[in-house]
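For reference, the structure discussed in these notes is given below.
Predicted model only: the values in this text are computed from it and were never measured. What you see below is based on every heavy atom in this structure, not just the backbone, and it leaves out hydrogens, waters and symmetry mates. Residue numbers begin at 1 in each chain, while the letters A, B, ... track the order of the sequences.
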There are 2 protein chains.
Amino acid sequence: MRQPLEVIRNAGLKLTPRRREIALLFAETLKPLSPLEVQELLRKRFGRCGLPGVYRNLEALAECGLLLRLAGFGRERKYMFCPGQEKHHHHHIICVSCGKVGHVEGCLYHEGMMLGGYRVLSHIVQFEGLCENCLPKKP
Amino acid sequence: MRQPLEVIRNAGLKLTPRRREIALLFAETLKPLSPLEVQELLRKRFGRCGLPGVYRNLEALAECGLLLRLAGFGRERKYMFCPGQEKHHHHHIICVSCGKVGHVEGCLYHEGMMLGGYRVLSHIVQFEGLCENCLPKKP
DNA sequence: CTGCGTGCAAAGTATTTGCAAACCG
DNA sequence: CGGTTTGCAAATACTTTGCACGCAG
């Protein structure tokens, strides 16, 4: 797994305390977090922290590939840590019970293929399910 | 293809002018529309029309299966007409050039299957591409 | 030093709610 | 007639911007 702080440096971003805290928070948590949740967690751990800064950092970290923007229908933005290799195409599955994010390998869709008369340029694939730990609880 | 107005009646919703206009607008347009776009189109065609009513109707029509909420990353909500059978599992592909929505049959994922150690409960799959008409323009 | 990064306050956008009047069935 | 549905105004939720100060490189 790539080292979060290295990724930030390689992207030409400064490694400020705020940035470092956010990156490590996601690396430890491994769950989808909204900007507001990130702010609350940072406040508990490190004192004050402005929401605009959180938004800017989440975008910056998503831009450099460390975080992933989550697809969804609502107006709520969510990000999560993506520990995979940059060039490795894969998708994610989120546990509806505990929020843990898993990786799904072997995607069957790829750029350029034809589907229903269209040439595919990009796709969103995202799963919800139950992880190994939560399965026994909800059989 | 199901008759939009029938679907509304069967869902126990009243068939008001506003509702009828929205349903027919989507049935004719066959493109993803945001609440604001819907309001503007209705205003042009039928005079005034309140945004809250549009929001409520879009949700109601999505609830009864006539419209589909579009997945995405932004904060902008989009809906589109879904002329398929209710029980027929399929996904959609949106032309990035003209916005036309096509159907993709034969999804390879289904409820209950195991993926990466998770039991799948639901999934979002959505494509962007170029439709037959727009393909020649962008070779 | 220099310019990116930060917090704060304030501005934007998108969506939702309360309510009285209008309307379908 | 009675419960939905509607438009309007206002409230809410979420996100972005402007700006002066602070800190990494």
Side-chain angles (χ1 to χ4, degrees), chain A residues 4-26 32-64 66-67 69-80, chain B residues 4-26 32-64 66-67 69-80:
Chain A
L5 306 185
E6 234 172 82
V7 176
I8 294 176
R9 267 191 229 100
N10 293 340
L13 296 173
K14 290 193 179 179
L15 193 50
T16 65
R18 181 67 57 248
R19 194 113 76 197
R20 164 202 215 79
E21 290 155 13
I22 293 179
L24 294 179
L25 175 66
F26 273 94
L33 297 171
S34 68
L36 204 63
E37 289 168 333
V38 170
Q39 187 197 32
E40 281 165 8
L41 288 169
L42 288 196
R43 280 208 166 138
K44 277 184 199 155
R45 291 170 62 161
F46 310 98
R48 74 187 183 172
C49 161
L51 210 35
V54 172
Y55 276 95
R56 284 188 275 232
N57 273 315
L58 292 179
E59 259 321 288
L61 296 182
E63 206 54 48
C64 75
L66 196 66
L67 299 183
R69 277 179 285 261
L70 231 52
F73 303 109
R75 64 262 76 177
E76 195 180 29
R77 197 167 298 197
K78 288 243 178 189
Y79 295 81
M80 63 189 180
Chain B
L5 304 185
E6 236 173 79
V7 175
I8 294 176
R9 269 192 227 99
N10 294 341
L13 296 172
K14 292 194 176 178
L15 192 51
T16 63
R18 180 66 56 250
R19 195 113 74 199
R20 164 202 217 78
E21 291 156 13
I22 293 179
L24 295 179
L25 174 66
F26 274 95
L33 296 171
S34 69
L36 204 63
E37 289 168 333
V38 171
Q39 188 198 31
E40 280 164 9
L41 288 169
L42 289 197
R43 280 206 164 140
K44 277 184 201 157
R45 292 170 60 161
F46 310 98
R48 73 187 185 176
C49 160
L51 210 35
V54 172
Y55 275 94
R56 285 188 276 232
N57 274 315
L58 292 179
E59 258 323 286
L61 296 183
E63 205 55 48
C64 76
L66 196 65
L67 299 184
R69 277 179 285 262
L70 231 52
F73 303 109
R75 64 260 74 179
E76 194 181 30
R77 198 168 294 196
K78 288 244 179 186
Y79 295 83
M80 62 187 180

Discussion item. Taking salt bridge (Lys or Arg N to Asp or Glu O under 4.0 Å) as the definition, give me every residue that meets it alongside R18(A), ordered by chain and number, with sequence neighbours left out.
Written reply: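 For R18(A), the residues satisfying salt bridge (Lys or Arg N to Asp or Glu O under 4.0 Å) (neighbours in sequence not counted) are E21(A).
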
Worksheet item: What is the minimum heavy-atom distance between E37(B) and P32(B), and which atoms define it?
Response: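 Shortest heavy-atom separation between E37(B) and P32(B) comes out as OE1-O, 4.0 Å.
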
Worksheet entry | Contact summary for P35(B) and L51(B), nearest pair of heavy atoms |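 Distance-wise, the nearest heavy atoms are O-CD1, 3.9 Å.
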
Rounded to whole Å, how long is the line connecting atom [atom1] of [X] with atom [atom2] of [N]?
{"X": "E21(A)", "N": "dC23(D)", "atom1": "CD", "atom2": "C1'", "result": "14 Å"}
{"X": "R9(A)", "N": "dG25(D)", "atom1": "CZ", "atom2": "P", "result": "8 Å"}
{"X": "E76(B)", "N": "dA13(D)", "atom1": "CD", "atom2": "C1'", "result": "17 Å"}
{"X": "Q39(A)", "N": "dA13(D)", "atom1": "CD", "atom2": "P", "result": "15 Å"}
{"X": "Y55(B)", "N": "dA11(D)", "atom1": "OH", "atom2": "C1'", "result": "15 Å"}
{"X": "E40(A)", "N": "dC14(D)", "atom1": "CD", "atom2": "C1'", "result": "14 Å"}
{"X": "L58(A)", "N": "dT16(D)", "atom1": "CG", "atom2": "C1'", "result": "14 Å"}

Worksheet entry | Option passing side chain to side chain contact (heavy atoms under 4.5 Å, CB included) with Y79(B) (candidates L70(B), L33(B), L61(B), L58(B)) |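 That would be L58(B); it is the only one of L70(B), L33(B), L61(B), L58(B) passing the side chain to side chain contact (heavy atoms under 4.5 Å, CB included) with Y79(B).
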
Worksheet item: So what does L36(A) hit on the nucleic acid, given a heavy-atom distance under 4.0 Å: a base, only sugar-phosphate, or nothing?
Response: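 No contact at all - L36(A) keeps every heavy atom at 4.0 Å or more from the nucleic acid.
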
Worksheet item: Are the side chains of M80(A) and K78(A) in touch, meaning some heavy atoms are under 4.5 Å apart?
Response: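 Not in contact.
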
Item to complete: Give the B/S/- string for nucleotides 1-6 of chain D, one per nucleotide from 5' to 3', where a protein heavy atom under 4.0 Å of the base yields B, of only the sugar-phosphate yields S, and otherwise -.
Response: -BBSSB

Worksheet item: Between CD1 of I22(A) and CG of N57(A), what distance do you get to the nearest 0.5 Å?
Response: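 Going from CD1 on I22(A) over to CG on N57(A), the span is 4.0 Å.
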
Worksheet item: Which nucleotide of DNA chain C is the first, and which the last, in the 5' to 3' direction, to come under 4.0 Å of a heavy atom belonging to chain A?
Response: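 Under 4.0 Å from chain A, the extent on DNA chain C is dG3(C) to dT16(C).
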
Worksheet entry | Sequence neighbours excluded, every pair satisfying salt bridge (charged side-chain N to carboxylate O under 4.0 Å, His left out) that has a member inside residues 54-64 of chain A |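 Residue pairs passing salt bridge (charged side-chain N to carboxylate O under 4.0 Å, His left out), neighbours aside: E59(A)-R69(A).
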
Item to complete: Please collect all side chain to side chain donor-acceptor pair (under 3.5 Å) contacts where either partner lies in residues 40-52 of chain A, sequence neighbours excluded, each pair once.
Response: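 Non-adjacent pairs meeting side chain to side chain donor-acceptor pair (under 3.5 Å): E28(A)-R45(A).
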
Under 3.5 Å, side-chain donor or acceptor atoms of residues 4-16 of chain B against the rest of the protein: list the pairs with distances, not counting sequence neighbours.
unit_1	atom_1	unit_2	atom_2	d
N10(B)	ND2	E6(B)	O	3.4
T16(B)	OG1	R19(B)	N	3.3

Fill in: Bend angle of the helix from dC1(C)-dG25(D) to dG25(C)-dC1(D), from helix axes over five pairs at each end, nearest 10°
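Rounded value for the end-axis angle: 50°.
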
Item to complete: By nearest nucleotide on DNA chain C, pick out whichever of R77(B) and V54(A) is the more 5' one.
Response: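 Its nearest nucleotide lies further toward 5', so the answer is V54(A).
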
